[in-house]
Amino acid sequence: MSIQSISHQPFDDQKPGTSGLRKKTAHFQQPHYLPAFIQSIWAGIGGVAGKTLVLGGDGRFFCKEAAGIVLRMAAASGAARVIVGQNALLSTPAASHLIRKRGADGGIVLSASHNPGGPNGDFGVKYNVANGGPAPESITDAIFAASQTQSEYLIFDAAAPDLSILGETPLGGMVVEVIDPVADYAALMEQLFDFNALRALFAGGFRMRFDAMHAVTGPYAKTIFEDTLGAPTGSVINATPLPDFGQGHPDPNPIWAKPLVDELMADDGPDFGAASDGDGDRNMILGRGIYVTPSDSLAALAANATYIPAYADGLKGVARSMPTSAALDRVAEHLGIECHETPTGWKFFGNLLDAGRTTFCGEESAGTSSDHLREKDGVWAVLCWLNVLAARGVSVQALMQDHWARFGRNYYSRHDYEGIDSAAANALMDHLRAQLPTLAGQSVAGLCVTHADEFAYDDPIDGSRTERQGLRIYFEGGARLVFRLSGTGTVGATLRVYMECLETRTLNADPQEMLAPVIKAAEELAEIVPRTGRTAPDVIT
Ligand code: VG1
Ligand code: CO
């Protein structure tokens, strides 16, 4: 066995986006591409020698091969130990928990999250730091800088151990420790929630359907909901992780999880429905006859947190990404706690969580979590809902009606225009940006603009500033419009348009109808149709 040093041309496109580096699978499979990026990670974190890492992925095509490459490279560069999920599986929240529990220096998650997988799909690599959370921008910038000049990587020429077998195996001077990917995470969940109340809930005939979308949460959901809590077999569907996610799109929203939504909308549908994404950090929540938007789910959980044992003493504060609706703000005001507004991407919650300034965090894109780890956590969010429903003895529908009656309803929707021409998308944003200073006081589509700006975030803990995080237009009466370009796509540009309005009287209308004036304002201001050539969004959530 020896260490090989391989030379290559540097790559110029390895800038991590909102959540790691994502590219077409074939792009990642081209010679030297993945190893070059891994070597850049080692450079960006000040070397891997002597360090302990956690490694896993969402089971998508190329994960196992990629895990072998990471292991051989970690060994070649002197890492002490890599803790890896059996068969290279680990959900993103489970990886975050393991990093914290084992005191590891960091971790690598092989996933493109909600993006489709397979030879023609997407692949991705995320790096998490010692607190268990996504690497902050200072580190992703250092990784990118290294990737632009680096022309050599080190790799062990021996094969990595068989990852289907639990236990420790040496690889050079490094230890590869293959662990059960579910056990530690399931034990953590048992500490946070009232599992006896949940067992009683299912024993009483409560019916739930959890769609794992052929992605990584299947084994976690089976173990926790069926084996531990007694939900009937079959409550968890699409539970086996498949390399191509069964040719599906593992994004838990009403478009990609439509069969589940249809089932819950039936008169005799289950009491509760949920789905998770490729790497298990997202969640979608449904009750019989109702879809709960992620923004509302976050607000409702914050309002009911004290029904959950881990949060019985109340929340220290809450945080949401900027495009997430202000429903959370209304709850925070009522509770008298801080509510932080951060840029899109979980990495911006890390400092607030570490400093004890916030307990619950969430994003409109179906991410919700707490200070129990440093990622968003799909199964955790589902357990929160089940625990609250069990403690209050109400349905999802009744809980949300009660919530809106107390706090008002922030009608909310996001319209995505996917794979549009990058130059056209940038021109659209530039055109909008140029209008911002003069919008206040103007009337657009019958709505009066109160103020408009481009969001920049000053981190209250480390003082870092992050600019250009989305264009915001506020209207009289509490309506808001936000525009930003996605940082997770792999083809062209994706324009995201986020709309909300506040209603305190009409609580059960169709969001698209309630938001019609805001949608019209978005089209007028951004000239969406002429500039993108699209007459309708690709995805409406
Ligand atoms: C999207 C979401 C964002 C989320 C990110 C990663 O980013 O909008 O809220 O944090 O995906 O989620 P963007 O830049 O495409 O809007 V995941 O589940 O990939 O880890
Ligand atoms: Co994800």
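All values below were derived from every heavy atom in this structure, side-chain atoms included, with hydrogens, water molecules and symmetry-related copies excluded. One-based numbering, in listed order, for ligands and for the atoms of each.
Taking each of K376, H114, R496 in turn, the one with a heavy atom nearest to atom 12 (O) of ligand 1 proves to be K376.
At under 3.5 Å, a nitrogen or oxygen of G487, whether backbone or side chain, sits near a nitrogen or oxygen of ligand 1. Looking at R22 next to ligand 1, an N or O pair under 3.5 Å apart turns up.
For atom 18 (O) of ligand 1, the closest non-hydrogen atom of the protein is S113 OG, 2.5 Å. Protein heavy atom nearest atom 9 (O) of ligand 1, with residue, atom name and distance: S365 OG, 2.6 Å. Of the protein's non-hydrogen atoms, the one nearest atom 10 (O) of ligand 1 is E363 OE1, 2.7 Å.
Ion pairing between a basic and an acidic side chain is recognised when a charged N comes within 4.0 Å of a carboxylate O; D279 and R60 show no such pairing. The residues D184 and R102 are annotated as not salt-bridged, no charged nitrogen and carboxylate oxygen being separated by less than 4.0 angstrom. Taking the charged nitrogens against the carboxylate oxygens, R209 and E263 do have a contact shorter than 4.0 Å, which makes a salt bridge.
Looking at residues two or more places apart in sequence or on another chain, you find a side-chain hydrogen bond (donor to acceptor under 3.5 Å, both in side chains) between R472 and E341, D453, Y474.
Of all protein N/O/S atoms, those lying under 2.8 Å from the Co ion (ligand 2) come to 4.
In this structure, a donor-acceptor pair under 3.5 Å is present between the side chains of D377 and H372.
Listed by atom number, the atoms of ligand 1 under 4.0 Å from S19 heavy atoms are 6 (C), 20 (O). For ligand 1, the atoms closer than 4.0 angstrom to any heavy atom of K126 are 20 (O).
Using a 30° and 60° split on the angle between ring planes, W385 and F272 fall in the tilted class, from 30° to 60°.
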